[in-house]
Amino acid sequence: MKALVLAGGTGSRLRPFSYSMPKQLIPIANKPVLEHVLDNIRDIGVTEIGIIVGNHATEIADALGDGSHLGVAITYIPQERPAGLAQTVQLARGFLGDDDFVMYLGDNMLPEGIREAAAEFRALQPAAQVLVAQVADPRAFGVAEVDAHGVVERLVEKPPVPRSNLALIGVYFFTPAIHEAVDAIEPSARGELEITDAIQWLVTDGQTVRAQEYAGYWKDTGKVEDVLECNRMLLDAVARSVEGEVDEDSVLIGPVVVEPGARIVNSFVVGPVVIGAGTVLHDSHVGPYTSIGRDCVLTDAHLDRSIALDGSTVSGVRGLRGSLLGRSAAVTGAQLEERHHRLVVGDHTRVEVAA
């Protein structure tokens, strides 16, 4: 089995970040979303991975390399413009050959992995298998109508009146039968080759398509709120590890990770928190559900339930909550009293918070 990971797209819902970095490299618990994806794929014994890349191909390749440090072998497959998920299967035809494969959207987080789904696909060998989850409003998703035995009867993309609340969540298992299907379908009304149409073609052709309901946590990290929520969920699983320097005037409570080279000076940290290598906290309060990247500097700052990317600085701002700070962003202020601020700051951007 091989894997096809989709990391193209524009990331319009994550602007301003997606102007300067692909959404798939946004860190969750200080690790890029794509690395979480590749971990799940490697965990099911798949190491040959093709990654569909668009405008941010260079950044993704710089971050992941050939995949050897992650225990996988990566082949990059360029996509000039997004034209539907089924089109990516056509683009990857040479890489995929006649192997079964798992297709995985590169901005989806499934921290509990996909082992059970992979085992079911290998055991039953349907033409295709989709992962689904119950959602409150299925109108924004591809929707599966499934019989009592888990067999898909119909798939509809973004139905205005859904007949099911089972949404496709971005992980698909395919046999080579999918290639005939994607070549047979026509572009949808929005001009794209829809993977739901290709899977529906298999159903109509009489081939077996199964759906497995995913019981674990799942999140599409397409919006800032989703990134922060997913960060909170993953931080709940961290264990205390202090490898950096903590002075005697600092207090660390609960599951706090201080990576090598980080320094905590006269500061108060309440976990779960991850503090990246080379970061310095001075006279600051960091508390729970916060990830701070590498080489950041916090001085006279209070930050919680937030993410600060590599190289960011916060000085004199004592009330950042639910914030996302880009790479090398700078937030400054001169507050006498703590107040709550929610900021979304793009890469290399300077923001001054008024008192």
Side-chain angles (χ1 to χ4, degrees), residues 17 20-36 38-39 59-60 62-65 69-70 109 111 221 224 227-247 250-315 317 320-332 343-349:
F17 295 97
S20 55
M21 71 182 298
K23 59 183 178 177
Q24 296 87 359
L25 292 184
I26 292 284
I28 307 289
N30 274 14
K31 184 162 75 171
V33 172
L34 265 179
E35 285 195 27
H36 291 284
L38 298 186
D39 285 348
E59 282 191 83
I60 291 174
D62 287 346
L64 301 179
H69 68 294
L70 299 171
M109 288 289 297
T221 57
V224 170
V227 169
L228 292 171
E229 179 189 324
C230 196
N231 192 62
R232 289 193 294 270
M233 192 275 175
L234 264 66
L235 287 180
D236 267 331
V238 303
R240 186 181 177 101
S241 173
V242 180
E243 298 185 67
E245 177 185 338
V246 181
D247 77 351
S250 296
V251 176
L252 274 56
I253 298 175
V256 176
V257 175
V258 183
E259 294 182 355
R263 292 193 298 121
I264 315 298
V265 180
N266 192 35
S267 295
F268 188 75
V269 182
V270 180
V273 165
V274 177
I275 298 170
T279 285
V280 178
L281 270 60
H282 196 284
D283 297 330
S284 292
H285 182 166
V286 175
Y289 300 109
T290 298
S291 296
I292 300 175
R294 295 168 296 182
D295 301 318
C296 298
V297 178
L298 272 67
T299 305
D300 189 23
H302 185 166
L303 182 66
D304 64 47
R305 301 180 184 274
S306 298
I307 297 175
L309 276 62
D310 294 352
S312 59
T313 62
V314 183
S315 176
V317 182
L320 288 180
R321 172 173 291 180
S323 296
L324 183 53
L325 311 181
R327 295 172 297 183
S328 299
V331 180
T332 60
L343 298 179
V344 177
V345 182
D347 289 354
H348 309 287
T349 301

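Since we're looking at a predicted model, the values are computed, not measured.
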Worksheet item: Do you know which two heavy atoms are closest between Val33 and Met109, and how far apart they sit?
Response: CG1-SD, 4.0 Å
Discussion item. Quick one, Val314 with His302, criterion side-chain contact (heavy atoms from CB on, under 4.5 Å). Give me CA distance, side-chain angles, the key distance, then yes/no.
Written reply: CA-CA 9 Å; Val314 183; His302 185 166; over 6 Å; no
Item to complete: Of all the heavy-atom pairs spanning Thr279 and Gly293, show the shortest one and how long it is.
Response: OG1-O, 2.6 Å
Discussion item. If I compare all heavy atoms of Thr332 with all of Val317, which pair ends up nearest, and what's the gap?
Written reply: C-CG2, 3.5 Å
Worksheet item: Hey, is the main chain of Ala277 close enough, under 3.5 Å, to the side chain of Glu259 for a donor-acceptor pair?
Response: yes
Worksheet entry | Under 3.5 Å donor-acceptor, Arg240 side chain and Gly254 backbone | yes
Discussion item. Donor-acceptor pair, distance only, cut-off 3.5 Å: does the side chain of His36 make one with the backbone of Lys31?
Written reply: yes
Worksheet item: Just how far is it from atom CD1 of Ile292 to atom CD1 of Ile307, taken to the nearest 0.5 Å?
Response: 11.0 Å
Discussion item. Could you measure the distance from the CD1 atom of Ile26 to the CG atom of Leu34? Nearest 0.5 Å is fine.
Written reply: 11.0 Å
Practice prompt. Please name the residue in the list Val297, Ile275, Val265, Val258 that meets the side chain to side chain contact (heavy atoms under 4.5 Å, CB included) test with Leu281.
Written response: Ile275
Discussion item. With a 3.5 Å distance limit and no angle check, can you tell me whether Asn231 reaches the backbone of Thr290 through a side-chain donor-acceptor pair?
Written reply: no
Item to complete: Classify the ring geometry between His285 and Phe268 as parallel (under 30°), tilted (30 to 60°) or perpendicular (over 60°).
Response: perpendicular
Discussion item. How long is the straight-line distance from CG of Leu309 back to SG of Cys296, given to the nearest 0.5 Å?
Written reply: 7.5 Å
Discussion item. If I compare all heavy atoms of Val270 with all of Val256, which pair ends up nearest, and what's the gap?
Written reply: C-CG2, 4.4 Å
Discussion item. Can you give me the closest heavy-atom contact between Pro288 and Val273, atom names plus distance?
Written reply: CA-CG2, 4.3 Å
Worksheet item: How long is the span from the CE atom in Met233 to the OH atom in Tyr289, to the nearest 0.5 Å?
Response: 10.5 Å
Discussion item. Would the distance check show the side chain of Ser267 and the main-chain N or O of Asp283 forming a donor-acceptor pair, the cut-off being under 3.5 Å?
Written reply: yes
Practice prompt. Measure from the side-chain N and O atoms of Ser315 to the backbone N and O of Asp300, and report whether any donor-acceptor pair falls under 3.5 Å.
Written response: no
Worksheet item: Between Leu25 and Glu35, is any pair of side-chain heavy atoms under 4.5 Å apart?
Response: no
Worksheet item: Distance-only, no hydrogens or angles: does the Asp295 side chain make a donor-acceptor pair with backbone N or O of Asp310 under 3.5 Å?
Response: no
Discussion item. What's the separation between atom CZ in Arg232 and atom CG in Leu235, rounded to the nearest 0.5 Å?
Written reply: 10.0 Å
Worksheet, complete the sentence: Residues Leu303 and Ala308: closest non-hydrogen pair is CD2-CB, 4.4 Å
Worksheet item: When you check the gap from the basic side-chain N to the acidic O, do Arg321 and Asp304 get nearer than 4.0 Å?
Response: yes
Discussion item. Could you measure the distance from the CZ atom of Arg294 to the CZ atom of Arg327? Nearest 0.5 Å is fine.
Written reply: 10.5 Å
Worksheet item: When you measure from the side chain of Ser306 to the backbone N and O of Gly322, does any donor-acceptor pair fall under 3.5 Å?
Response: yes
